[in-house]
J.: 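First the structure, then my questions, so here it is.
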Amino acid sequence: MDYTAPQSGFRQHPKMRMRNTSMEGAEPSQLFDDTSVPPGAQAAGFPGQGVGATVYPAQTLLSEPMSNLAMAYGTSLAHQSKDLVEKNLDRFLPISKLKYYFAVDTVYVGKKLGLLVFPYMHQNWEVIYQQDTPVAPRFDINAPDLYIPVMGFITYILVAGLAFGTQDRFSPEILGMQASSALVWLIMEVLVVLLSLYVVTVNTDLTTIDLVAFSGYKYVGMIVGVVAGLLFGPTGYYLGLLWCSLSIFIFMIRTLRLKLLSEAAAQGTLFRGARNQLRMYLTMSIAAAQPLFMYCMTYHLVR
Amino acid sequence: MALTMYALIQTAILCTNAVAVLHEERFLSRIGWGVDQRVGGFGDDPNVKAQILTLIRSVRTVMRVPLILVNSVSIVLLLLFG
């Protein structure tokens, strides 16, 4: 067996892990598409690096023919089961739809965070469409995404742990309790909003994931409030929370107005009708529930 | 407040049980919310009451059998693990 000759795909793997896996551009079953700059531009820098890598010590074990066969069988089995899992998972979790919500970049995240904290200057809140499908969040700042809510949730848990630490109340269990508590509140809020949307019979293209995204935007305000409270004491906490509550209230009203209310009301004119009034109340209550949740989930962190 | 996923599941089971156990003749008809007392409005029906009644009716129809299973499972688990 000549090790310097083009090696079998599996034996290549231990070395390959030392390089960037973006070189495997021809990998047929990628679970996560690379939605950023095409990978051809990135791979140019990497081929020169891995040549000097030392020979993986376990390669002698992998050289024997029987283990070679076993490895090949194992690899094919792994690929098969991965395909099976992917196929079945797509039935329960709409993974292709989820990919849309994570197609973000740094500029979008920066602008969106700024919008969440200061939404007063933004003029155009419409979501850009491209032949009936909404454009990816990277190209449209008004589109909802799941990156900020997920990161906000995790950061909130970490900041809560920090806050507990400053109160000498920290323990790993309390971190888990905070996480599941926040998750339960999120689930309940989304369920209540779904229920009220059904009862009021709003014809909207808001999906459940959109609602999860909108409910997750309040974590940004909570984090700002708690960090202000940690740095400047209770006064800083209340000021930060007040500012962020107002911002998220305006943000939610302006975003939901376009999605829930009919065209006439969305342009600012007061369209007096029983249905629109009900929808207006619904929008108002969803927006007003956000500061309430923000306060309830953070007051025990800053004492 | 220390909410857990377990509490959420408990709440969901209890609420669904409550809706499933609701007796139409004895309660809903008395307050004018019975199935036979609804106005058959076709087309757009933004009537909140009609939507709630439809929701109650559909929950009862859909969740009867799964609730039997879920309740049996929770009874067994509660007996075993307290």
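Proteins come first, then strands; the chains are lettered A, B, ... in the order of their sequence lines, and each starts at number 1.
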J.: For the side chain of A:S181 and the backbone of B:L3, is there at least one donor-acceptor N/O pair under 3.5 Å apart?
T.: yes

J.: Examine whether an atom of A:L191 lies under 4.5 Å from a heavy atom of chain B, and if so say whether it belongs to the side chain, the backbone or both; otherwise answer neither.
T.: neither

J.: Taking only residues at least two apart or on different chains, which pairs with a member in residues 197-217 of chain A satisfy ring-ring contact (aromatic ring centres under 6.0 Å, His included)?
T.: A:Y217-A:F251

J.: What residues form a ring pair (Phe, Tyr, Trp, His ring centres under 6.0 Å) with A:F293, not counting sequence neighbours?
T.: A:W185

J.: Which bit of A:L195 is near chain B, if near means a heavy-atom gap under 4.5 Å: side chain, backbone, both or neither?
T.: side chain

J.: Side chain, backbone, both or neither: which part of A:M188 has a non-hydrogen atom closer than 4.5 Å to chain B?
T.: side chain

J.: Are more than 12 heavy atoms from other residues, nucleotides or ligands located less than 6.0 Å from atom OH of A:Y281?
T.: no

J.: Distance-only check: which donor-acceptor pairs under 3.5 Å involve side-chain atoms of residues 225-246 of chain A, not counting sequence neighbours?
T.:
residue, atom, partner, partner atom, Å
A:Y237, OH, A:T298, OG1, 2.8
A:Y237, OH, A:Y299, N, 3.3
A:W243, NE1, A:V117, O, 3.1
A:S245, OG, A:L241, O, 2.5

J.: Any residues in residues 60-75 of chain B near chain A, with a heavy-atom distance under 4.5 Å, and which are they?
T.: none

J.: Heavy atoms only: give me the nearest B:Q51-A:V199 pair and the separation to one decimal.
T.: CG-O, 3.3 Å

J.: Do other residues, nucleotides or ligands put more than 12 heavy atoms under 6.0 Å from the CZ atom of A:F170?
T.: yes

